[in-house]
Every structure is written in C-alpha cells, then in structure tokens.
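These numbers come from a predicted model, not from an experiment. Below, read A as the first sequence line, B as the second, and so on, with proteins coming before strands; counting in each chain starts at 1. FYI, side chains are in, hydrogens and waters are out, and symmetry mates aren't considered; it's all heavy atoms of this structure.
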Number of protein chains: 2
Amino acid sequence: MGMREVASAAGVSVSTVANVLSRPAIVAPATVERVRRAIDEVGYVPNGPARQLRGRPSPIVGSVTLDLANPFHAEVNRGIEDRLAEAGCVLLTCSTDLRPATETRLLRVLEQQGVRGIIISPADAAQLPAISRRGTPVVLLDHPKERLDLCAVAVDDVLGGRLAGEHLRARGHRRIAYLGATVDPAPVARRRAGLRAAVGEIIDVRVDMHPPSLGAAAAAAAERIVALAPTAVVCLNDTAALGLLDGLAALGVRVPADLSVVGYDDLPFARRLAPALTTVRQPTYQLGQAAAELLLDEERPGHTHREVRFQPSLVVRSSTTYIDEHRLTG
Amino acid sequence: MGMREVASAAGVSVSTVANVLSRPAIVAPATVERVRRAIDEVGYVPNGPARQLRGRPSPIVGSVTLDLANPFHAEVNRGIEDRLAEAGCVLLTCSTDLRPATETRLLRVLEQQGVRGIIISPADAAQLPAISRRGTPVVLLDHPKERLDLCAVAVDDVLGGRLAGEHLRARGHRRIAYLGATVDPAPVARRRAGLRAAVGEIIDVRVDMHPPSLGAAAAAAAERIVALAPTAVVCLNDTAALGLLDGLAALGVRVPADLSVVGYDDLPFARRLAPALTTVRQPTYQLGQAAAELLLDEERPGHTHREVRFQPSLVVRSSTTYIDEHRLTG
DNA sequence: TTGAAAGCGCTAACAT
DNA sequence: ATGTTAGCGCTTTCAA
C-alpha cells in the first residue's frame, strides 16, 4: 500500500499524492479531496524509512542510561519523552548497565538508524564527539560538559555529596561510611568526592550494583557496615538506602539511634520509609526536559553547545540524628 | 560516508562492499581484508533506513504503556528490553497516559517507522488488529487475548482482586473501600471486579491519576475515605497506597489499627513502609520477557497467536489486620 | 570473484 | 495544476 496504489486509486500521479501530503496548498482542492479519500480507501501508511532516505529527519530520539527501570532514570526519561512529544518525536530508551560494550553496541544501532539525536548518561564519553561530528547530535545527561564539544545537562553532584557530609558533621558524626558500587557511575563518584571533601575521611563499602538487585546487595552489606562501626552511612541512592534499612532492621540495628542513614534522589517512597529517609533531591523530570530541549535546539541554525546546570538540595528527615554523646565519650 | 566512499577507497565496486558486509564468504579473502580496512578508514556507518527500504527488518520494537515512569511499567519494559537485546533489537518506549488520541498518534508513528513489532497495554484495542493485518506484529501486554487475533500476555487480575478481598473478609472486614482512578485502566478495572466478587459490596473512591501525581492525589483522598468509615481500603497500586498512607498519617489515622490498607504490585519499597504494606505481587519483569518472546516468535514460519497467562499472589504484611471486635460490637 | 544495473518508496526539481 | 524524472543508500539478481 504505497503512494502508487493511492495514485492509481485517485487517478493521479504519485507526485500529486506526495504534494497532497506535504504541500496541499499547491494542489487543486478537488484533487486534494479525491486523493485524501483514496488514502483512506487503500489504508495508506507512509513509509518512514523511504522518507528518511530522501532527507526527512527521523522522529526518533535515543536515550542511553544505566537502566531504564531505575526510578531516577525512568523519571528523567519521562521528562524527555514529554518534551519530545511537543515536537512530534518519540523516545527510544536503552540500558547499558554501565557496560561499555553494551553502550557501544547501542550507540552503533542508534547511529545506523539515523536517529534525530542521542541523549546519553555515558559510561564512556570518548566516542561521543565522533558520533556528533558524523551528524547525530549528542546531548550529555547527568554529565558535565567540560571540554567536550557537546550540549550537556548536569547536576552539581559534588555539592550533593557535600550537603550530605556537612549535614552529618553538623550533627557530630565523624566516622562516616559511604555505601557505593563496585564501580561507581560517574555522577555517583562525584557525589562521593563531595562527601569526602566535607567529612575528611570516608569508610568505603562497595556492593555489586547489578545482580540480582541493588537493594538486595545493600541489605547484604549491612553486616559488613556494622562491623566497621560508623555512626552514619551515606548511600549511593535511595534504592540502596532502602535495602540497607532492610538489612539493618534484620540485624536489630536501630536507625537513627544506632546508625544514621542518608540516601540520594528523594524517590517518592523516601518520605514514608521507617524511618523517613534523609536524602538529597535532584530535579529529575526537569533534567529530562532540559536535555530534550537542548537536543531539539541542535537543529536551530545558530545553535551553540551549552551546559544547563541544576542544583541538588538536602532533604532532612528522621533517618539521621545527632550523634549520641554517650557513645562518643563513653 | 556511504558504501560508495568505501568502494572507491578500497578500489572495488559497491556491490563488493555490500557482499563483504552480508556474505563475506563469497568474496576473496584479500578483498575482504582490503574492504574492511577501507570501512574503518572512511568511518563508514551503514544506513539503516536504506537497508530497511530494501527489505531488512527494523531492529526497533515499540512498547506502548500508560507511563514509562510508572515503576511497574518500567520494570516490564526492562524485561522486554533484555529479551530483545538477545535478538539485537532495541526498545522504543511510549506513554499514553491512557489517552486514546495519544495512543493513536504513537501507533501511527510506530507503524510508519516500520518497527519490528509493537507491544502494547492498550487503552483501546480496536485499532490493533488492523495494524497487525497491515504487517506490523502486535502483542497485547497485561491484556487478555479474548477473541482478538493477536498474541497476548495477561495476568489474572480478577484473581488478584479476589485475593485481596478474601484476605480482608477472612480478617473480619465488611466495609471495604476501593481507591481507584477516575477512569481505571482495564487491568485495574478487572482487579476491582475481582475484589467486588469477593466482598459483595465496595465503597468506591476515585482519584485523578494524572496530575500532579497519583501519590499526591491518593494522599488528598484520605479525608474523603475516612469520612466513609470503611475498615479497610484496597488501592489500585502501591504508589496510591503510599500516598494514602501519607494522607492518613497526616490525619492521625493509624494503620492498621484504625484502617487496613492493601496495595498492588509489590514494588520494592512496599515491604519497608511504615507499616509494611500488604499487597498483591505480579511477575513484572517476566511479563515483559514473555511479551518480547511472543513478539520475536511472530517472524517464525509456523507462528500462531497465543496467550501467556501469569498468576498474581497475595503478600501479607502488617498494613492489614483483624478487625477490632470492640469497634464491631461496641 | 567481481561488477553493472534495477528498484525498494519517496521527494523535489523541472517540464508540461 | 499536474506529471515526468532522477536519485537518496542499499541489496540482489544477473552477466562478465
């Protein structure tokens, strides 16, 4: 059911059908009408790839993140999707699980498909400028622009880590543990750096992020953490904090009486946990919107690459408390 | 940088380049080598749309659900993505927000792009058989096959609702409210039907699912619910239950002492809420995997449409309790 | 073993 | 106002 069938059904040429579709003003009203009817009649569906081959831009934008099921990334993707929808575009979401090989494979597929652009939270940013140079716009997500010749949307992760650290220090904590991943994604590593800067020294505890789930891994790490006797733990994100709370509860460790816990992201459940989780909030949905905005702007003639920066903010709840003086002095 | 450039760089014809790419065995080893080198040299990236125009299948599969940021759908999508990755395919995720117009627009885009197939949790299934007939395989997700000539992955939602209802009745509850959406998605409506069948009568409370968030809407509904004086509330999902717990806490209503609450989905946070949430679990990730499996099977010669069915299960925690006899009799 | 050529469905310049 | 035609990048006969 191509334009050919429509043309013959309407008794016109294919170019007239094409004109009705792209510049109806150029065609006689009666003809337009006839062609429209023929289109419905034969159930014509335009062939996207053929159009793209002729130079039309693809309506597809790729999003490459750690994990599309991660609530943070899911919310970011929704922000992207909504902004793209205004431009008639649609979102192809990919998970890398932080594996460079997967990331490379996905980027190759996206580039081959000739997507409108790629929004990526990269495991490895090295290959991105080449992709951009070959003609597929790339926007960095949750990643600073630095010297890269790309647009970027970033959150001040170092500040986020620092906020958590200062909060704990102000409450008297000195032995502070950091629950991270075996290999931290770059934004997480930056948070740790900020925390480090604020508290001087960190007791590192690492868990495997992937299998079977971050939450379970964090729960399993509870014992290890307790053995190190910190007075507070900062977790790489709320999901890890959730798991850790589970593990601590199983060990009979009271939060925050025995141990303060800080999360990151302020996911919807954070405020209703037992205890309510102190955490660092990021403007998640807005991150996505901003990234989509930057990407769509790439087609504008005068476009220049820029960075949009967001600030995290500390949300204090009841999973952190003042250090027990007795424990300090006794 | 098309095959033309590669061909001239390697001193061969385009068809030889094409052969090196698709049937290297046919080409002289020395030539293969030379062409491979030329490919790297010029930075050749195959043109997907052109290939597709020549008959290659698209590597893109579309997923159409209520909301890709919804944790349930996000997890389902991850299951789809992982299974697709094994086949070298990639996932385009779309949110309809239950709006038929949005759904139709998205389906049109997907069909025009000539995607490999569409996995959909439909707001309106009527247009799907036509799409399938025109050549784009469609798999129903979280939707029974019924008389439709399509593959489907379904959960026994009626059973899920019934499990919740029977649980509450067994604990003495008789005034049971149901917190639903102004317009329930079909699976949610089926759960309600199951609940209804188990408990005889339901006190309906409806909230607007969309803006600004389901959780907030559920929290706002707390007062309305309390006024109706049920002894238990079944929520359309865990996110709504989370919000409701918030609202109830603000009103000083104790759960489960004053009111029992049941969720749906068993999201990761459910077991760590205060109180831990009784809920109905669905095999989320597996739903996605099964849907992808069915879709990939559509290309197999002997394929026939079939339905894969999953069972939900009740997870009893501490947000539900026996009805207080004093309140009943006193 | 390699190359020439036709054509996938569409668009746009050009001719009528 | 409409039609003719060339060609987007690729695959695939078919011929050399």
Side-chain angles (χ1 to χ4, degrees), chain A residues 1-39 42-60 108-116 134-136, chain B residues 1-39 42-60 108-116 134-136:
Chain A
M1 295 307 112
M3 274 181 18
R4 272 259 270 308
E5 284 76 358
V6 176
S8 81
V12 298
S13 72
V14 286
S15 46
T16 296
V17 177
N19 283 333
V20 168
L21 260 46
S22 33
R23 302 148 349 162
I26 283 316
V27 183
T31 315
V32 171
E33 189 48 34
R34 204 145 35 89
V35 171
R36 291 245 160 90
R37 226 188 297 281
I39 285 178
V42 309
Y44 170 68
V45 177
N47 182 315
R51 287 177 157 184
Q52 201 175 333
L53 195 54
R54 289 294 331 207
R56 268 220 193 188
S58 164
I60 302 177
R108 192 166 41 233
V109 172
L110 292 176
E111 190 178 3
Q112 291 189 7
Q113 290 309 304
V115 296
R116 183 76 140 272
R134 282 191 293 258
T136 304
Chain B
M1 295 306 110
M3 273 181 18
R4 272 260 270 308
E5 283 78 358
V6 176
S8 80
V12 297
S13 73
V14 286
S15 41
T16 296
V17 177
N19 282 333
V20 168
L21 261 47
S22 33
R23 305 153 339 167
I26 283 313
V27 183
T31 314
V32 171
E33 189 48 34
R34 203 145 38 88
V35 170
R36 291 245 160 90
R37 226 189 296 283
I39 286 178
V42 308
Y44 169 69
V45 177
N47 183 314
R51 287 177 158 185
Q52 201 175 333
L53 194 55
R54 289 294 329 203
R56 268 219 194 188
S58 165
I60 301 175
R108 191 166 42 231
V109 172
L110 292 177
E111 189 178 4
Q112 290 190 9
Q113 290 308 305
V115 297
R116 184 77 138 274
R134 274 182 243 131
T136 303

Students should find that the nucleotides of DNA chain C closing off the region near chain A, any atom under 4.0 angstrom from a heavy atom, are C:dG9 to C:dA12
With sequence neighbours left out, what residues match B:Arg116 under salt bridge (charged side-chain N to carboxylate O under 4.0 Å, His left out)? B:Glu299
Pairs touching residues 47-58 of chain B that satisfy salt bridge (charged side-chain N to carboxylate O under 4.0 Å, His left out), sequence neighbours left out: none
Is the backbone N or O of A:Val42 less than 3.5 Å from a side-chain atom of A:Glu5, with the two atoms forming a donor-acceptor pair by type? no
side-chain hydrogen bond (donor to acceptor under 3.5 Å, both in side chains) involving A:Ser8 - partner list, sequence neighbours excluded: none
Extract from the structure each pairing of a protein N or O with an N or O of nucleotides 10-14 of chain D at less than 3.5 Å, listing the distance.
from, atom 1, to, atom 2, distance (Å)
D:dC10, OP1, B:Tyr44, OH, 2.6
D:dC10, OP1, B:Asn47, N, 3.2
D:dC10, OP2, B:Met3, N, 2.6
D:dT11, OP1, B:Arg51, NE, 3.1
D:dT11, O2, B:Arg54, NH1, 3.0
D:dT11, O2, B:Arg54, NH2, 3.4

B:Thr31: which residues meet the side-chain hydrogen bond (donor to acceptor under 3.5 Å, both in side chains) condition with it, sequence neighbours left out? none
For A:Glu111, the side-chain hydrogen bond (donor to acceptor under 3.5 Å, both in side chains) test, sequence neighbours excluded, returns A:Arg134
Does B:Ile60 have any side chain to side chain contact (heavy atoms under 4.5 Å, CB included) partners at least two apart in sequence or in another chain, and if so, which? A:Ile60, A:Leu92, A:Gln113, B:Ser58, B:Val90, B:Leu92, B:Val115
Residues forming a side-chain hydrogen bond (donor to acceptor under 3.5 Å, both in side chains) with A:Asn19, sequence neighbours excluded: A:Arg23
Members of residues 28-39 of chain B that approach DNA chain D, where some heavy atom sits under 4.0 Å away: none
Residue set satisfying salt bridge (charged side-chain N to carboxylate O under 4.0 Å, His left out) with A:Arg37, at least two apart, ordered chain then number -> A:Glu33
Could you tell me which non-hydrogen atom of B:Leu53 sits nearest to which non-hydrogen atom of A:Ala50, and how far apart they are? CD1-CB, 3.7 Å
How large an angle, rounded to 10°, do the end axes of the helix from C:dT1-D:dA16 to C:dT16-D:dA1 enclose when each is built from five base pairs? 40°
Please name the pair of heavy atoms, one in A:Pro59 and one in B:Val109, separated by the smallest distance, quoted to 0.1 Å. CG-CG1, 4.3 Å
Residue pair A:Tyr44 / A:Met1: nearest heavy atoms and the distance that separates them: CD1-O, 3.3 Å
